Enquirer: 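So that we are looking at the same thing, I have put the structure below in structure tokens.
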Amino acid sequence: MATKVEDVHIIWIVEGLGCEGDTIAVTAATQPSIEDVVLGAIPGLPRVHIHNKCIAYEWGKDFMDWWYKAERGELDPFVLVFEGSVPNEKIKSEGYWAALGVDATTGQPIPVSDWIDRLAPKALAVVAIGTCATYGGIHAMQGNPTGAMGVADYLGWDWKSRAGIPIVNVPGCPVQPDNFMETLLYLLYQVAGMAPMIPLDEEGRPTWLFGKTVHEGCDRGSYYEQGMFASEYGSPQCLVKLGCWGPVVNCNVPKRGWMAGIGGCPNVGGICIGCTMPGFPDKFMPFMDEPPGAKLSTSVVSIWGGALRGLRKITNDTVNKEPSWRHKGRQLTTGYPPPWQ
Ligand code: SF4
Ligand code: SF4
């Protein structure tokens, strides 16, 4: 990959089927922040220009010009970020589900799937932000009318950019802000020739961010281990009986927190509903029911956990007492043989 890239453009399509929650979430990032990246506060990075309608200074034609420049190959290199799910425009004879800009020759809106066709072949990397863009998310539920899907479902799971980079998926509903900015930072270092190929798992997620389960990073893990399960909200104990899917969900949010290290679903009382997973939401519904297998696992853990709590109580009582040789008086009882006696 080239090592003398001076400018990189981020072409960020927000108009997929979604709520724009990922863009809004990313404005809270701190590791790094958008400001750090675009103002050149991070050593070694090329100059970065982010084009996203929610944070852009330009509007109308001036804003859309960046998209046409990218299409004509005049923005090189650029990273294509896609937000929201991709509706299937082929399942109907007229109209459109989601569009961005107007075609100058036909006067018709340009569907976002056309923009993927136009820009993906020219992009250095394609990043899907949020669960709608990565796997389809809520819009792709059973019974949906749009045939919505994720970017990799649309382009193909084997698709690679002209730089040989597979589609990078950063899921979450919405995305955890720093997870996205850290991934973008990694790609920018890769563009600058300062990082090897980004490591991704089979679902296209950065491995260092999604390699562990929610449960493995949860503040309530010790309650689970000791068989102490909450039966109502407001309890500090493990939330599995209230519907937490944490033991089988890949997500670092309890470890990382949400903003500036604060928050993180189960840590602050919310069950994990598996929002980073390809099977979300259908495979996790109905929310707030005990997940399958939880009855068996919590019954087993309750027996073991009860015994463990009893033993730990004994040890805890012991270590809560000071050793007996710390006292006043004329006798030394520490075990040291005093030569002066
Ligand atoms: S609240 Fe969820 S993630 Fe946390 S320990 Fe319980 S089951 Fe695991
Ligand atoms: S902890 Fe669960 S619900 Fe919360 S962000 Fe992670 S996957 Fe989504």
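Start at 1 and go down the list; that is how both ligands and their atoms are numbered. None of these values were measured; they are calculated from a predicted model.
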Enquirer: When you compare the side chain of Ile34 with that of Phe180, does any pair of heavy atoms fall below 4.5 Å?
Expert: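 No - every pair of side-chain heavy atoms lies 4.5 Å or more apart.
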Enquirer: Side chains of Thr146 and His139: do they bring a donor and an acceptor to under 3.5 Å?
Expert: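 Side chains of Thr146 and His139: no pair found under 3.5 Å.
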Enquirer: Kindly assign one of parallel, tilted or perpendicular to the pair Tyr224 and His215, based on the angle between their ring planes and the thresholds 30° and 60°.
Expert: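 Perpendicular.
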Enquirer: Atom 6 (Fe) of ligand 1: which protein N, O or S atoms are under 2.8 Å away?
Expert: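 Correct list: Cys238 SG.
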Enquirer: Should the pair His51 and Trp67 be assigned to parallel (<30°), tilted (30 to 60°) or perpendicular (>60°) ring geometry?
Expert: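 Perpendicular, since the angle between the ring planes exceeds 60°.
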Enquirer: When the ring centroid of Tyr57 is compared with that of Phe63, is the distance short of 6.0 Å?
Expert: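 No: the rings miss the under 6.0 Å criterion.
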Enquirer: Taking atom types as modelled, find out whether Trp66 and Asp62 have a side-chain donor-acceptor pair closer than 3.5 angstrom.
Expert: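 No.
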Enquirer: Closer than 4.0 angstrom, basic N to acidic O: yes or no for Lys212 and Glu216?
Expert: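 Looking at Lys212 and Glu216, the cut-off is not met.
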Enquirer: Do you know which of Asp22, Thr131, Asn250 makes side chain to side chain contact (heavy atoms under 4.5 Å, CB included) with Pro171?
Expert: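 When Asp22, Thr131, Asn250 are each tested with Pro171, the side chain to side chain contact (heavy atoms under 4.5 Å, CB included) holds only for Thr131.
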Enquirer: Would you call the rings of Trp245 and Phe284 parallel, tilted or perpendicular, taking 30° and 60° as the class edges?
Expert: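 Perpendicular: the ring planes of Trp245 and Phe284 meet at over 60°.
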Enquirer: Atom 8 (Fe) of ligand 2: which protein N, O or S atoms are under 2.8 Å away?
Expert: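 Listed by chain and number, the nearby protein N, O or S atoms are Cys275 SG.
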